[in-house]
Enquirer: 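The following block contains the structure, expressed as structure tokens.
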Amino acid sequence: MVQYAIETENMVRIFGQVRAVDGISMRVPAGAIFGFLGPNGAGKTTTLRLLLGLLELNGGSARVLGYDVATQAASIREHTGVLLENDGLYGRLTVYDNLDFMGQVYHLPPRQRQERIRQLLEHLGLWERRDADVTKLSKGMKQKVAVARALLHRPSLVFLDEPSAGLDPVAAVALRQDIQNLARQEGTTVFLTTHNLAEAERICDLVGVIRKGQLLALAAPSQLRDSTSGTTVHFSGQGFSQPVLDRLCALPFVRSATVAGDQLQVELGSGGAVPELVALLVQEGVQIDEVHKGSGSLEEAFVTLMQENQERGGEGLS
């Protein structure tokens, strides 16, 4: 088994005067759920199509499951599952027949095909709807069938392009849980492009942030939150005077300190440590009743990255 499901080095794709993918280098470990985040037009779908060998590289290199995208694209598509913007389901066929047809395309033996279809539909809560025409399903159910189709042949890697787009919140949560559970149970690597940052934060082991074709960050969601939004520490107690605030704000790792009644909120930058804050407050005679440490959300980290990159004139950090 390969260590990295995806490896790219200075990957480039140009359309006319636009560098849709501009020197992306990244590694996605096998078995990980990877979230690829970025605004519309950032280059997410173009990157996905390059990795599938559906578009040619204009520079750099990429390997998927150990296969070179430039020379072994057929092998990549044989060992991966894909759900693009269109679910690709046949409206005149039933749920079962859609999957059965795709199983034949992948040359799965009849018995193996039947067992696999039942396994997936039962897991996704669709076995009782197996004989329903696809056109009679809700959008959420159609997306589940499309995910089942992508996983039917037990691929080592599955690409999901905005799988929860257009779904209501309940259907989106259900689909997210299904994807996460199936990936964990079967050891499948998931490459997920999404606008839903809460979704990425909940299920992804690793996220990449892209803007204007450039990779701005590649890290675990928690690392990305901590590196961009810092840490917020909340204190409850007595004695939060102005001199105390001045002492706190003089510390190099404190971004800000504000007081509201008996509540003190301190925003820490990099290198900040809660024990140092507690020691200083105690030294200043503050009575501390409670301490609560938190961090910003992935959404806040994402916005910060976008703003910082824009201020630098769009230069990447990959």
Side-chain angles (χ1 to χ4, degrees), residues 5-6 28 30-36 44-45 47-54 64-65 67 69 73-91 93-108 112-127 129-130 134 137-167 171-196 199-200 203-205:
I6 297 170
V28 177
I33 299 180
F34 174 68
F36 204 39
K44 300 189 299 297
T45 300
T47 299
L48 187 154
R49 292 179 181 276
L50 287 171
L51 295 174
L52 285 168
L54 300 175
V64 176
L65 301 175
Y67 300 109
V69 300
S75 295
I76 291 173
R77 292 192 287 272
E78 179 183 348
H79 292 89
T80 56
V82 183
L83 171 57
L84 298 178
E85 298 154 293
N86 189 313
D87 59 37
L89 300 175
Y90 296 100
L93 298 181
T94 65
V95 170
Y96 189 96
D97 288 342
N98 262 278
L99 298 181
D100 188 62
F101 172 74
M102 188 54 59
Q104 293 178 56
V105 170
Y106 284 117
H107 306 292
L108 298 181
Q112 181 182 342
R113 197 164 65 236
Q114 294 164 8
E115 291 175 351
R116 180 61 170 164
I117 291 172
R118 178 161 190 152
Q119 177 191 31
L120 287 170
L121 291 182
E122 285 183 343
H123 183 92
L124 293 168
L126 291 175
W127 179 246
R129 303 299 303 271
R130 63 188 180 277
V134 167
L137 300 181
S138 67
K139 183 172 177 59
M141 287 183 178
K142 288 180 182 177
Q143 285 293 82
K144 287 191 174 189
V145 177
V147 169
R149 192 192 63 169
L151 293 168
L152 189 62
H153 57 303
R154 298 183 186 277
S156 300
L157 167 65
V158 61
F159 291 95
L160 304 176
D161 192 12
E162 301 284 353
S164 60
L167 300 185
V173 168
L175 180 61
R176 178 175 67 234
Q177 291 174 341
D178 290 332
I179 291 170
Q180 186 175 27
N181 292 338
L182 285 169
R184 299 297 186 224
Q185 290 174 9
E186 303 193 0
T188 305
T189 307
V190 176
F191 185 104
L192 172 73
T193 72
T194 181
H195 287 101
N196 190 328
E199 177 178 77
I203 73 172
C204 292
D205 306 302

Enquirer: Once you round to the nearest 0.5 Å, how far does CG of Asp87 lie from NZ of Lys142?
Expert: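 Answer for the CG-NZ pair, Asp87 versus Lys142, is 6.5 Å.
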Enquirer: Could you go step by step and tell me if Val134 and Leu93 meet the side chain to side chain contact (heavy atoms under 4.5 Å, CB included) rule?
Expert: CA-CA 6 Å; Val134 167; Leu93 298 181; 5.7 Å; no
Enquirer: Quick one: which residue pairs count as a side-chain hydrogen bond (donor to acceptor under 3.5 Å, both in side chains) with a foot in residues 96-106, not counting sequence neighbours?
Expert: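 Qualifying pairs, neighbours excluded: Thr94-Asp97, Asp100-Gln104, Asp100-Arg113.
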Enquirer: If we only count heavy atoms from C-beta on, is the Leu137 to Leu89 side-chain gap below 4.5 Å?
Expert: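 They are not in contact (no side-chain heavy atoms under 4.5 Å apart), so the answer is no.
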Enquirer: In Å and rounded to the nearest 0.5 Å, what is the CG to CG distance from Leu54 to Leu84?
Expert: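 Leu54 CG to Leu84 CG: 7.5 Å, rounded to 0.5 Å.
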Enquirer: Testing the basics here: between Thr189 and Gly31, what is the closest heavy-atom pair and its distance to 0.1 Å?
Expert: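 Heavy atoms only, the tightest pair is OG1-N, 2.7 Å.
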Enquirer: Take Ile76 and Leu65, measure what side chain to side chain contact (heavy atoms under 4.5 Å, CB included) needs, and give me the verdict at the end.
Expert: CA-CA 7 Å; Ile76 291 173; Leu65 301 175; over 6 Å; no
Enquirer: Please check if atom CZ in Arg49 has more than 12 non-hydrogen atoms from other residues, nucleotides or ligands closer than 6.0 Å.
Expert: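 Count not over threshold, so no.
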Enquirer: Quick one: do Val82 and Arg77 satisfy side chain to side chain contact (heavy atoms under 4.5 Å, CB included)? Show the steps, please.
Expert: CA-CA 8 Å; Val82 183; Arg77 292 192 287 272; over 6 Å; no
Enquirer: Starting at CD of Glu199, measure out to CD of Gln180 and round the result to the nearest 0.5 Å.
Expert: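 If I round to the nearest 0.5 Å, the distance is 10.5 Å.
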Enquirer: Kindly compute the distance separating CZ (Arg184) from CD1 (Ile203), expressed to the nearest 0.5 Å.
Expert: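 The distance works out to 8.5 Å.
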Enquirer: Are any side-chain N or O atoms of Glu122 and backbone N or O atoms of Trp127, one a donor and one an acceptor, separated by less than 3.5 Å?
Expert: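 Side chain of Glu122 to backbone of Trp127, a donor-acceptor pair under 3.5 Å: no, none is there.
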Enquirer: Give me the atom names and distance for the closest heavy-atom approach of Gly140 to Ala171.
Expert: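 Between these two residues, the closest heavy atoms are CA-CB, 4.3 Å.
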Enquirer: Between CG of Leu108 and CZ of Arg116, what distance do you get to the nearest 0.5 Å?
Expert: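 If I round to the nearest 0.5 Å, the distance is 9.0 Å.
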Enquirer: Name the one of Leu120, Val95, Leu175 that satisfies side-chain contact (heavy atoms from CB on, under 4.5 Å) with Lys144?
Expert: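 Filter result, single survivor: Leu175.
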Enquirer: Tell me whether Arg149 contacts the main-chain N or O of Gly88 through its side chain, where contact means a donor paired with an acceptor under 3.5 Å.
Expert: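 Checking the backbone N and O of Gly88 against the side chain of Arg149, a donor-acceptor pair under 3.5 Å is found.
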Enquirer: To the nearest 0.5 angstrom, please state how far the CG atom of Leu192 sits from the CD1 atom of Ile179.
Expert: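 Leu192 atom CG to Ile179 atom CD1 measures 6.5 Å (nearest 0.5 Å).
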Enquirer: Anything under 3.5 Å between a donor and an acceptor, one on a side chain of residues 152-161, the other on a protein residue two or more places apart or in another chain? List them.
Expert:
{"residue": "His153", "atom": "NE2", "partner": "Thr80", "partner atom": "O", "Å": "3.0"}
{"residue": "Arg154", "atom": "NH2", "partner": "Gln119", "partner atom": "OE1", "Å": "3.3"}
{"residue": "Asp161", "atom": "OD1", "partner": "Thr193", "partner atom": "OG1", "Å": "2.3"}
{"residue": "Asp161", "atom": "OD2", "partner": "Thr45", "partner atom": "OG1", "Å": "3.2"}

Enquirer: So which atom in Lys44 and which in Phe36 form the shortest heavy-atom distance, rounded to 0.1 Å?
Expert: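 Nearest pair, atom of Lys44 first, then Phe36: CD-O, 3.4 Å.
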Enquirer: Might you point out which heavy atoms bring Ala200 and Thr194 nearest each other, and give the distance in Å?
Expert: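 Taking every non-hydrogen atom into account, CB-CG2, 4.2 Å.
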Enquirer: Can you name the nearest heavy-atom pair linking Leu51 to Val64, along with the distance?
Expert: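 Of all heavy-atom pairs spanning Leu51 and Val64, the closest is O-CG2, 3.4 Å.
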